[in-house]
K.L.:
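Before we start, here is the structure in question, set down as structure tokens.
Nothing fancy with the numbering, it's 1 onward along the sequence. Whatever order the structure lists them in is the order used to number ligands and atoms, beginning at 1.
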Amino acid sequence: MSLVHRVEHPLIEHHLCAIRDKTTRPGEFRSAVQRLSMILGVYATQDLPTKPRLVATPICDATGKEISVHVGIVPILRAGLGMVDPILELLPEAAVWHLGLYRNEETAEPVGYYDKLPLENAPNVALVVDPMLATGGSIDLVIRRLQQWGVNEIRVMSLIASQPGIDRVERDFPDVKVYVAAIDPELNDQSYIVPGLGDAGDRIFDTPQHG
Ligand code: PRP
Ligand code: URA
């Protein structure tokens, strides 16, 4: 059974249009990324384990449930930063562990530049956030690093993935759950997703490289 979930929801379709539209300004782009991340985050956490918790309401005692695992949010710098705040809204007790990678412009291979993960204290569940999953090279590196750290369960959240990138993750990491808002058919000759949205980091941070 595939662990790739393309989340279908009218709000997702609506906000996807905003991030794909090249006339969307950075402020609205960031807001749409946040809305999409929050919706995806609800789905990506729907089967987190819980344990019972007794609380005293102003009226009487009540038994509820609370999340029973330690969750770490792992944004891939830079663009993944745009997805952190909405996930922290959902999981305010999660830790945030940053990993910095950029793609070499000629080869599209990921190059690591920031990694301060400690030797121990790996979370039970890592929620990796990055708006784009293109060739899958960056996510491959991050999953391997988190496995090496000792994370038992890794979940990936991306707004737009390419079909080749999804195929690669499914083939190489069949037990990793992936939550995406869209799967686009292909990559262009510069390894950008088609139709995609362009460069997510540049659009979030308003740092256009071209035009
Ligand atoms: C983008 C994106 C992913 C990566 C996806 O980052 O945010 O991290 O490319 O591509 P891949 O699946 O082919 O590896 P980028 O390298 O542009 O860096 P940035 O976030 O700093 O802009
Ligand atoms: N990174 C992006 O930001 N966009 C793509 O289409 C591919 C990689």
Side-chain angles (χ1 to χ4, degrees), residues 4 6 15-26 28-30 32-34 36-37 40-41 44 73-87 96-117 126-147 154-173 176-211:
V4 174
R6 189 176 84 75
H15 298 303
L16 265 176
C17 275
I19 61 170
R20 287 191 191 278
D21 185 344
K22 68 179 184 185
T23 69
T24 299
R25 300 287 309 142
E28 183 50 33
F29 187 89
R30 283 191 292 273
V33 165
Q34 292 184 353
L36 285 164
S37 302
L40 269 190
I73 303 167
V74 183
I76 305 181
L77 308 180
R78 293 175 299 167
L81 288 175
M83 299 176 69
V84 171
D85 285 351
I87 307 304
V96 183
W97 300 99
H98 301 81
L99 287 174
L101 306 180
Y102 69 87
R103 295 199 315 173
N104 176 303
E105 283 193 7
E106 261 91 60
T107 64
E109 288 296 321
V111 182
Y113 63 87
Y114 185 84
D115 177 346
K116 296 276 185 194
L117 300 184
L127 271 183
V128 181
V129 296
D130 190 328
M132 309 304 277
L133 195 169
T135 66
S138 303
I139 211 72
D140 176 291
L141 212 63
V142 166
I143 291 172
R144 288 182 201 281
R145 179 69 181 95
L146 295 175
Q147 288 175 335
I154 299 168
R155 302 181 183 199
V156 173
M157 290 176 50
S158 276
L159 303 186
I160 303 183
S162 76
Q163 189 62 58
I166 287 289
D167 293 345
R168 176 175 175 176
V169 176
E170 269 191 308
R171 183 193 66 217
D172 294 347
F173 306 103
V176 168
K177 294 178 180 165
V178 181
Y179 298 85
V180 295
I183 301 177
D184 286 3
E186 56 192 3
L187 299 167
N188 67 14
D189 57 7
Q190 292 168 312
S191 298
Y192 275 83
I193 299 175
V194 181
L197 53 73
D199 188 304
D202 285 343
R203 296 195 64 186
I204 289 171
F205 295 110
D206 196 14
T207 53
Q209 305 296 311
H210 311 284

K.L.:
Below 4.0 Å, non-hydrogen atoms only: which portion of Thr135 touches ligand 1? Side chain, backbone, both or neither.
P.N.:
both

K.L.:
Considering only heavy atoms of Asp199, which atoms of ligand 1 have at least one such atom less than 4.0 Å away?
P.N.:
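Close to Asp199: 17 (O), 22 (O).
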
K.L.:
Near Tyr102, which atoms of ligand 1 are under 4.0 Å from a heavy atom of that residue?
P.N.:
16 (O)

K.L.:
Of all the non-hydrogen atoms in the protein, which one sits nearest to atom 14 (O) of ligand 1, and at what distance?
P.N.:
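Its nearest protein heavy-atom neighbour is Ser138 OG, 2.6 Å.
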
K.L.:
Among all protein heavy atoms, pick the one closest to atom 15 (P) of ligand 1 and tell me residue, atom and distance.
P.N.:
Arg103 N, 4.3 Å

K.L.:
Side chains of Glu109 and Arg103, heavy atoms from C-beta outward: is any pair under 4.5 Å?
P.N.:
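SC-SC contact between Glu109 and Arg103 ruled out.
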
K.L.:
Quick check: does any side chain N or O of Thr24 sit under 3.5 Å from a backbone N or O of Ala18, one acting as donor and the other as acceptor?
P.N.:
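Side chain of Thr24 to backbone of Ala18, a donor-acceptor pair under 3.5 Å: yes, one is there.
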
K.L.:
Which residue holds the protein heavy atom closest to atom 7 (O) of ligand 1, what is that atom called, and what is the gap in Å?
P.N.:
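Sorting protein heavy atoms by distance from atom 7 (O) of ligand 1 puts Asp130 OD1, 2.8 Å first.
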
K.L.:
Could you check atom 21 (O) of ligand 1 against the protein and tell me its nearest heavy-atom contact, residue, atom and distance included?
P.N.:
Arg78 NE, 3.0 Å

K.L.:
Nearest heavy-atom pair of Ile87 and Ser37: which atoms, and what distance?
P.N.:
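Where Ile87 meets Ser37 most closely, the heavy atoms are CD1-O, 3.4 Å.
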
K.L.:
For ligand 2, run through the N/O pairs with the protein that fall under 3.5 Å and put one pair on each line.
P.N.:
unit_1	atom_1	unit_2	atom_2	d
ligand 2	3 (O)	Ala200	N	2.8
ligand 2	4 (N)	Gly198	O	2.8
ligand 2	6 (O)	Ile193	N	2.8

K.L.:
Determine yes or no for a side-chain-to-main-chain donor-acceptor pair under 3.5 angstrom, with Arg168 supplying the side chain and Thr135 the backbone.
P.N.:
yes

K.L.:
Atom 1 (C) of ligand 1: protein heavy atom closer than 4.0 Å?
P.N.:
no

K.L.:
Does Arg144 make a cation-pi contact with Phe173 (under 6.0 Å, within 45 degrees of the axis)?
P.N.:
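Ring-cation test returns no.
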
K.L.:
Which heavy atom of the protein is the closest neighbour of atom 18 (O) of ligand 1, given with residue, atom name and distance?
P.N.:
Leu101 O, 4.0 Å

K.L.:
Just checking, is any N or O donor in the side chain of Arg78 or Thr207 under 3.5 Å from an acceptor N or O on the other one?
P.N.:
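Their side chains do contain a donor-acceptor pair, which is all the 3.5 Å distance test asks for.
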
K.L.:
Over all heavy atoms of both residues, which pair between Arg203 and Lys22 is shortest? Give the atoms and the distance, please.
P.N.:
NH2-CA, 3.9 Å

K.L.:
Less than 4.0 Å is my threshold; does some heavy atom of Pro131 fall inside it relative to ligand 1?
P.N.:
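Flag not set, Pro131 not near ligand 1.
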
K.L.:
Does atom CZ (Arg25) have a neighbourhood of more than 12 heavy atoms from anything else shown, all under 6.0 Å?
P.N.:
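Not buried by this count: 12 neighbours or fewer within 6.0 Å.
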
K.L.:
Is Asp202 touching ligand 1 with its side chain, its backbone, both, or neither, if touching means heavy atoms under 4.0 Å apart?
P.N.:
neither

K.L.:
May I ask you to test the Asp202-Pro208 pair for a side-chain heavy-atom distance under 4.5 Å?
P.N.:
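A side-chain contact is absent here, since even the closest heavy-atom pair is not under 4.5 Å.
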
K.L.:
Which ligand 1 atoms are under 4.0 Å away from a heavy-atom of Ala79?
P.N.:
7 (O), 20 (O)

K.L.:
Tell me every residue that passes side chain to side chain contact (heavy atoms under 4.5 Å, CB included) with Val194, counting only those two or more places apart in sequence or in another chain.
P.N.:
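Expected list: Glu186, Asn188.
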
K.L.:
Looking at ligand 1, does any of its N/O atoms fall within less than 3.5 Å of an N/O of Ala134?
P.N.:
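Between Ala134 and ligand 1, an N or O pair is found under 3.5 Å apart.
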
K.L.:
From atom 9 (O) of ligand 1, is the closest protein heavy-atom distance below 4.0 Å?
P.N.:
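Looking at atom 9 (O) of ligand 1, one finds that a protein heavy atom does lie closer than 4.0 Å.
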
K.L.:
Could you tell me whether the side chain of Asp115 and the main chain of Leu117 form a donor-acceptor pair under 3.5 Å?
P.N.:
yes

K.L.:
So which atom in Gly112 and which in Leu101 form the shortest heavy-atom distance, rounded to 0.1 Å?
P.N.:
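Shortest heavy-atom contact: CA-CD2, 3.5 Å.
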
K.L.:
Restricting to non-hydrogen atoms, name the atom on Gly82 and the atom on Ile204 that form the minimum distance, rounded to 0.1 Å.
P.N.:
CA-CD1, 4.3 Å

K.L.:
Identify, for atom 5 (C) of ligand 1, the protein heavy atom at the shortest distance, and state residue, atom and that distance.
P.N.:
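Of every protein heavy atom, Met132 O, 3.6 Å lies nearest to atom 5 (C) of ligand 1.
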
K.L.:
Identify the heavy atoms of Asp184 and Gly196 that sit nearest to each other, and give their distance.
P.N.:
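Shortest heavy-atom contact: OD2-N, 2.8 Å.
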
K.L.:
Which of the atoms of ligand 1 are close to Gly201, meaning less than 4.0 Å from one of its heavy atoms?
P.N.:
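Per the distance check, 22 (O).
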
